[in-house]
Structures are given as structure tokens and as C-alpha cells.
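Below: one structure, written as C-alpha cells.
In the text below, chain A, chain B and the rest are named by the order of the sequence lines, each starting its count at 1.
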Protein chains: 2
Amino acid sequence: MRKRATAKEVAEAAGVSKWTVIRAFTPGASITEASRQKVLQAAETLNYSPNLLARSLATNTTHQVAVFVDDFANPHKLPVLEMLTERLQAEGLLTVLININRHFDHVHALINADQRQFDAVILFGTAFREETLGDRRLGPGFPPMFVLARDSQIPGVPAIACNAELALSEIVDYLFDKGYRRPGFMAGARTLSTALGRRHHYASFWRAKGIEGVTELAAERYSAQAGAEAARTYLSTTAPGSRVDVLMCENDILALGAMDVARSEFGLEVPQDLAVVGFDNIELGGAPAYGLTSYEQPAGEMVDAIVAMITGKRDAEMVVMPGRLVPRSSA
Amino acid sequence: MRKRATAKEVAEAAGVSKWTVIRAFTPGASITEASRQKVLQAAETLNYSPNLLARSLATNTTHQVAVFVDDFANPHKLPVLEMLTERLQAEGLLTVLININRHFDHVHALINADQRQFDAVILFGTAFREETLGDRRLGPGFPPMFVLARDSQIPGVPAIACNAELALSEIVDYLFDKGYRRPGFMAGARTLSTALGRRHHYASFWRAKGIEGVTELAAERYSAQAGAEAARTYLSTTAPGSRVDVLMCENDILALGAMDVARSEFGLEVPQDLAVVGFDNIELGGAPAYGLTSYEQPAGEMVDAIVAMITGKRDAEMVVMPGRLVPRSSA
DNA sequence: TTGTACGCGTTATCAT
DNA sequence: ATGATAACGCGTACAA
């Protein structure tokens with residue numbers, strides 16, 4: 001394994017000082033075209049390219065952004081990760097994907113992010129508790145943090161998310177107009193106050209329509225299986241006559257699981273016997289096999305916004321964006 | 001933004017030299033418990049932790065692994081990424097997720113990976129052409145590379161994959177026993193010779209059963225939509241009597257798209273009118289709405305193997321592992 | 001066990 | 001325009 005060539009070696013080969021070599025690789029540096037060519041020539045033969053690690057140490061900027069994820073069961077994460085990595089890379093930033101779990105929690109990850117001098121940290125839908133910031137090991141001077149695709153009231157940590165109030169308003173309007181009157185809501189495992197937004201808005205908009213009492217189903221996790229189990233439990237303990245007529249799920253993956261159970265295990269027709277609504281508008285929800293009515297977050301704009309904030313082209317502050325109701329056959 | 005404390009500052013606060021501070025943070029270094037405690041105390045109050053960037057520069061090891069991905073349409077990527085990040089993190093390694101696309105190709109990404117001194121590069125199912133390694137900017141001394149979840153005959157780049165020959169043998173045996181005799185194969189966009197393995201084995205095992213000629217459908221990409229289009233084109237240009245009776249798709253996501261079209265647009269019953277088989281065994285394929293017969297790769301073992309190779313606990317060499325046929329209702 | 005000199009490869013700043 | 005000095009923060013090798 002041959003070592004990488006250094007600026008010093010290129011300098012010797014080109015017969016100049018190593019600082020001239022640096023200048024040849026610095027856009028807009030003052031250097032004569034002659035020595036510039038000499039350097040590039042030497043660099044070419046020596047196969048030299050600047051060591052980004054050393055550059056980072058000297059400039060205090062790594063051009064690396066950490067993205068925290070704690071929920072890999074939701075297929076919706078993938079297209080967003082695709083956009084995120086693409087736009088970040090377009091800005092010269094690389095994405096460090098960090099799996100937040102029992103063995104590697106937020107505090108652990110944040111300390112690591114700080115030690116590695118990441119330029120920013122994105123909390124991509126993770127269950128982040130504000131108290132975490134109180135950890136005494138986490139001081140100021142940490143990489144700027146952003147919350148993506150989830151509400152957050154954490155001071156100093158701006159959230160870039162879909163407007164939940166508007167979304168639920170549109171959804172409830174749509175369902176009410178369709179004639180549904182006995183609403184149910186399936187929540188995932190999240191217990192954070194900031195994460196209860198969808199449920200809260202859902203209930204309050206129904207209330208505004210004169211309908212009190214949203215039946216709640218609780219899923220253990222955010223996965224199709226968890227959604228299936230929650231639906232199974234509910235349907236098997238509730239007589240057909242007293243069931244909800246529309247079930248809104250906190251996200252699509254829960255909705256698909258619920259829909260499967262309703263149809264295949266209880267022989268229910270969707271939406272006649274039970275209507276189902278999801279959130280995220282994942283690709284498979286739109287397949288004919290499901291035809292899931294859902295709500296699409298403006299992922300592209302959200303990603304653009306967060307990247308603009310990271311690169312300093314936009315003020316870092318909370319922003320909520322309108323999404324889009326995607327009506328299909330399930331409700 | 002307060003600056004991070006350095007070892008030097010901690011040294012002054014603790015009344016020792018900075019090298020003693022280093023030792024206090026170096027497992028197994030020779031240092032008295034007394035000064036060790038003094039240092040840790042001072043570090044605690046100053047909120048010091050070693051700068052991993054500087055450490056990397058000095059040790060020539062970043063504890064970062066690049067993972068190249070060029071296909072974000074396949075939901076199968078997500079659970080594997082979850083395992084990969086988890087196991088890597090357990091070994092103290094972080095994952096840099098790199099999106100390979102038109103604007104950021106393999107050569108670009110490899111040069112970057114080298115400049116950043118990544119400890120290893122994982123080609124996670126990307127369409128990597130051997131010629132790429134011929135690029136003169138890519139010399140020896142590059143980070144070790146591995147191919148995950150795809151065959152590869154590239155010298156010096158070991159592949160960790162599911163045994164395609166065994167897999168297709170099991171699949172064809174199963175289909176033949178079920179009575180299917182007119183096999184079709186839907187391939188994705190891949191044109192690499194190394195990627196034609198599944199198709200090749202599929203055809204040759206059918207031939208071994210005395211069945212010549214596998215009908216080929218070509219999808220433009222690897223997505224449900226592409227699978228749907230390919231199926232639509234085929235079904236609308238082929239009379240019912242001369243159609244294949246079983247369609248094997250290169251992966252599940254293509255299969256789901258094809259199945260949707262067959263059922264909803266052509267009114268076909270699966271598997272009576274057309275049987276469908278996929279590959280990867282993604283979660284939604286197992287849902288009652290599809291019941292997709294598929295083949296599961298031993299993702300956990302594959303990830304374990306590649307991580308062991310990266311950490312040097314195992315020789316870096318090609319390894320193929322047996323997977324598992326998952327028979328369901330679609331074939 | 002502890003302290004010293006030096007190197008890692010780059011950038012910033014000043015002097016020529 | 002070019003060269004030189006210092007600094008980034010830590011690790012290794014060696015001496016004390």
C-alpha cells in the first residue's frame with residue numbers, strides 16, 4: 001500500500017515550495033500560470049490530491065454532516081435519504097449516517113459528532129428528548145443541530161417539517177365530507193409531547209366538526225407488523241357495530257399493516273367496512289393492491305431548506321411547509 | 001461558540017504535561033491512578049474529549065467507512081443499512097453514506113474517499129464497472145474495497161453475497177415441482193456482465209430441466225413503477241395463450257410492480273394465470289396483499305462477514321452464503 | 001511513570 | 001508572486 005503523495009513531495013518534484021503547490025490547488029490564489037502548470041504536472045505524475053483530513057484540521061470544517069436515524073422500518077426514509085445525500089453532495093458535503101439505538105444513543109452520538117467536528121447534525125425523525133441537551137457533556141460550541149420531518153420546540157434546534165395542523169385539517173375535512181363520523185387514530189410508539197401533534201390536531205379538528213372522542217389504537221413500534229398487531233387487537237375485541245368507520249394511522253407503514261389485517265383476517269372491505277388513511281405517501285401505498293389515501297410531505301423542499309440552512313444560505317429557523325393530500329381508494 | 005478544550009489546556013489545569021493527558025485517555029497506557037484521576041477530573045470540568053480529527057491525522061485511520069449506494073428505490077436497502085450501521089458502530093466505525101449518481105460517480109466518490117482517508121469502501125449493490133479501477137487517478141494505496149450483496153469478479157475487490165447459483169437452483173426446482181413450464185424473467189436496468197448472474201443461472205437451471213428459452217422482460221430501472229411498465233408492455237403485446245406461466249423478477253420491488261399490473265390492469269389471478277417470484281424478501285412482499293414468493297439473502301451474516309473483514313478479524317476474500325427460499329402464495 | 005522533540009499535511013499570515 | 005513561520009491537536013519514539 002503506497003502512501004499518498006504530499007504537497008511537500010510535489011513541491012520538490014516541481015522545484016517550488018510546498019506553499020506554491022497549495023496555491024495551485026486553491027481557486028483564486030495568486031500564482032503565475034507557469035508555476036501553476038509545473039505543479040499540476042508534477043501532481044499528476046505523483047498522483048497527488050490534497051488530504052482533506054489535514055485540511056479539516058486546519059480549517060475547522062469537515063464538510064461532513066451527521067444524520068441521526070432511529071427508525072429504519074419506514075420505507076419513507078429511503079427516498080428522503082436519497083435526496084438529502086444528493087443535495088448535500090452537490091454542496092460538497094458528505095453524509096454520515098448514524099444509527100441511534102440502545103447501544104448508541106443520542107448523547108453518545110452527539111459527543112461523537114462533536115469530536116469529529118461535523119459541520120452539522122440532522123435529527124431525521126428521531127425520538128429526541130429535549131432533556132438530552134441538558135447532559136452536562138453537551139455544551140455550547142456543538143455542531144448546529146436541525147430536526148427534519150418532525151415537530152420540535154427545542155430551543156436552538158430549528159425544525160423543518162410539514163405543517164401538521166394544516167395537514168390534519170385537510171385530512172379531517174376530506175374524511176368528514178366523505179361521510180365518515182366515527183374516527184379512529186393509530187399512534188406509533190412515540191411518547192414525546194412534540195410527537196403527539198398529529199393525534200392532537202386530528203382530534204381537535206374532529207371536535208370542530210362536532211365529533212367528540214377519537215378512538216385510539218396504540219402500536220408498539222413503527223412497522224407494518226406493529227400496525228397489523230394493533231389492528232388485530234382492536235378488531236378482535238370490538239364488535240362490528242361499534243367499530244370506527246375510518247382509521248387514520250400515524251404513518252403509511254402502520255396503515256398498510258392495519259389494512260392487511262382488516263382485509264385478510266377480518267374480511268373487511270376497504271373503505272366500505274373500514275376506511276384507512278396514512279401519512280408519508282410511500283410508493284407502495286399507491287400500488288393498486290392498497291390504494292392508500294395518504295398525505296405527502298414536501299420532502300424535496302424540506303431537504304432544500306435544511307441544506308440551505310447548513311450552508312448558511314438561509315437563516316436557521318423553524319419552518320413548516322404545506323404538504324398535499326393524496327386521495328385514493330382506501331378512504 | 002466556545003471552542004473545544006484541548007489536551008494542552010487540560011494539562012495545565014491538572015498540572016501535568018499534555019502527554020500525560022493523552023495517556024489518561026489511552027486504554028492500557030502506563031500512568032499512575034493518581035494522575036489519571038487528576039486528569040479525568042480536569043477534563044470533566046473543562047468538558048474535554050479528544051479531537052478525533054487530529055487523532056485521525058496522526059494515526060492515519062479515520063474509523064469511517066464509506067458505503068456507496070446508487071439505487072434508493074429498493075426498500076431492501078434500508079434494513080441492510082440498519083444492520084450495517086449498527087454493526088459498524090459496535091466496532092467503533094461510522095458510516096458515510098455516499099449517493100452514486102450522474103453528478104457524483106464512482107471515480108469521483110473513490111477519489112473523495114481516498115482524500116478523506118476512509119478505512120474502507122463498501123460498494124453496496126452499485127453498478128460498478130471494473131474499468132473504473134483503471135482510471136489513472138486511482139492508484140494502489142486506496143482504501144480497501146468490498147462489494148456487498150452483489151457478485152463481483154473484480155480482482156482485489158472481494159464480494160460478499162448470497163450464493164446466486166444455489167438460490168436459482170432452489171427456485172427453479174421449486175417452480176418446476178409446482179408444475180410451471182413456461183418461465184419468464186424480468187431483469188432490471190443492469191447491463192454489467194457480473195450482474196447477469198441471476199438471469200444466467202435461471203436460464204441454465206431451466207435448461208437442465210429440459211426447458212429451453214426463457215422469455216425476457218426488461219425493466220428500465222429497479223423500481224415498482226419500472227416493473228409495472230415492463231409487465232404492462234409484455235402483457236399488452238402478448239396473447240394470453242402464449243404468455244409465460246411464471247415470471248421471476250430480479251428483485252421484489254420489480255415483482256410487486258409486475259404483480260399489481262397483472263392483477264389490476266389485466267385481471268389476472270396470481271398464481272393461477274401468472275405466478276410471480278421475487279428476490280430479497282422485503283417486508284411488504286410478505287403482506288397478505290401480495291404473498292410474494294421470494295428468496296431471502298442472509299443479510300445479517302453478510303454484514304457480519306464484511307465488518308469482520310474491515311476490522312481485520314477475517315481474511316478479505318470473496319464469500320458466498322446460502323440464502324433461503326420463502327414460498328408464499330404468488331408461486 | 002513522566003516529560004521532550006518531532007511528525008502528520010494542511011492553512012493562515014506575514015515578509016520578501 | 002513566492003517563500004517562510006506558526007498553528008491546528010494529537011500520536012509515536014525516545015530520553016529521563
Side-chain angles (χ1 to χ4, degrees), chain A residues 1-40 42-43 46-64 92 111-112 114-119 141, chain B residues 1-40 42-43 46-63 111-112 114-119 141:
Chain A
M1 153 162 158
R2 186 183 51 81
K3 255 180 46 64
R4 290 174 49 83
T6 73
K8 189 176 168 186
E9 293 167 2
V10 174
E12 290 167 3
V16 297
S17 72
K18 69 173 182 181
W19 296 277
T20 304
V21 174
I22 302 284
R23 289 191 181 94
F25 283 88
T26 305
S30 56
I31 181 176
T32 54
E33 192 53 30
S35 44
R36 182 186 159 74
Q37 287 305 328
K38 255 195 315 189
V39 170
L40 291 184
L46 286 179
N47 211 329
Y48 166 83
S49 67
N51 183 326
L52 263 31
L53 212 50
R55 173 178 293 177
S56 292
L57 182 61
T59 58
N60 249 328
T61 147
T62 56
H63 293 277
Q64 294 194 147
I111 291 177
N112 207 288
D114 181 42
Q115 291 184 280
R116 292 186 191 264
Q117 311 266 76
F118 290 141
D119 289 356
Chain B
M1 153 160 161
R2 186 183 52 79
K3 257 180 45 64
R4 291 173 49 82
T6 73
K8 190 174 167 187
E9 293 167 3
V10 174
E12 289 167 4
V16 297
S17 71
K18 75 167 184 180
W19 296 273
T20 305
V21 175
I22 303 282
R23 290 191 180 94
F25 283 90
T26 306
S30 58
I31 181 177
T32 54
E33 192 55 29
S35 45
R36 181 186 161 75
Q37 286 306 328
K38 257 196 313 189
V39 170
L40 291 184
L46 286 180
N47 211 329
Y48 166 84
S49 66
N51 182 326
L52 264 29
L53 209 52
R55 173 179 292 176
S56 292
L57 182 60
T59 59
N60 250 325
T61 147
T62 55
H63 293 277
I111 291 177
N112 206 289
D114 180 44
Q115 292 184 281
R116 293 187 191 264
Q117 311 264 75
F118 290 141
D119 290 357

- Message: Nearest 0.5 angstrom please: B:Leu53 CG to A:Leu57 CG, how far?
- Response: 5.5 Å
- Rounded interatomic separation in angstrom, taking NZ from A:Lys8 and C1' from D:dG3: 15 Å
- Task: Confirm from the modelled atom types if A:Trp19 and C:dT10 form a donor-acceptor pair under 3.5 Å, side chain to base only.
- Result: no
- Task: Take the protein atom CZ of B:Arg36 and the nucleotide atom P of C:dT2, then report the distance between them rounded to whole Å.
- Result: 12 Å
- Which of these, A:Val10, A:Leu40, A:Ile31, sits in a side chain to side chain contact (heavy atoms under 4.5 Å, CB included) with A:Phe25? A:Leu40
- Any side-chain N or O of A:Thr20 less than 4.0 Å from the OP1 or OP2 oxygen of D:dG3? yes
- Query: Hey, does B:Tyr48 reach any base, or is it just sugar-phosphate, or nothing, if we go heavy atoms under 4.0 Å?
  - Reply: sugar-phosphate
- Query: Do B:His63 and A:Arg116 have side-chain heavy atoms sitting under 4.5 Å apart?
  - Reply: yes
- Nearest-nucleotide wise, let me know which of B:Asn60 and B:Lys18 is further upstream toward the 5' end of DNA chain C. B:Lys18
- Between atom CZ in A:Arg55 and atom C1' in D:dG9, what is the gap in whole Å? 19 Å
- Note on the structure: B:Leu57 atom CG is separated from C:dC6 atom P, nearest whole Å, by 19 Å
- Query: For B:Ser35 and C:dT2, is the shortest distance between a side-chain N/O and OP1 or OP2 below 4.0 Å?
  - Reply: yes
- Item | Side-chain donor-acceptor pair present, A:Arg4, A:Ser49, cut-off under 3.5 Å | yes
- Message: Could you tell me how far apart B:Arg116 (CZ) and C:dC8 (P) are, to the nearest whole angstrom?
- Response: 22 Å
- Presence of A:Ser30 side-chain N/O under 4.0 Å of D:dA1 phosphate oxygens OP1/OP2: yes
- Task: Please report, rounded to the nearest Å, how far the C1' atom of C:dT1 is from the CD atom of B:Gln37.
- Result: 16 Å
- Integer-rounded Å distance: C:dG7 P and A:Asn51 CG: 18 Å
- Of all the heavy-atom pairs spanning B:Val39 and B:Ala24, show the shortest one and how long it is. CG1-CB, 3.5 Å
- Query: Which of these nucleotides, C:dG3, D:dG3, C:dT10, is closest to any side-chain atom of A:Ser17?
  - Reply: D:dG3
- Taking only the side-chain heavy atoms of A:Thr32 (C-beta and beyond), determine which of D:dA1, C:dT10, D:dC10 contains the nearest atom. D:dA1
- Rounding to a whole Å, what distance do you find between A:Ile22:CD1 and C:dC14:P? 18 Å
- Item | hbond_proxy B:Arg23 side chain to D:dG11 base (donor-acceptor, 3.5 Å cutoff) | no
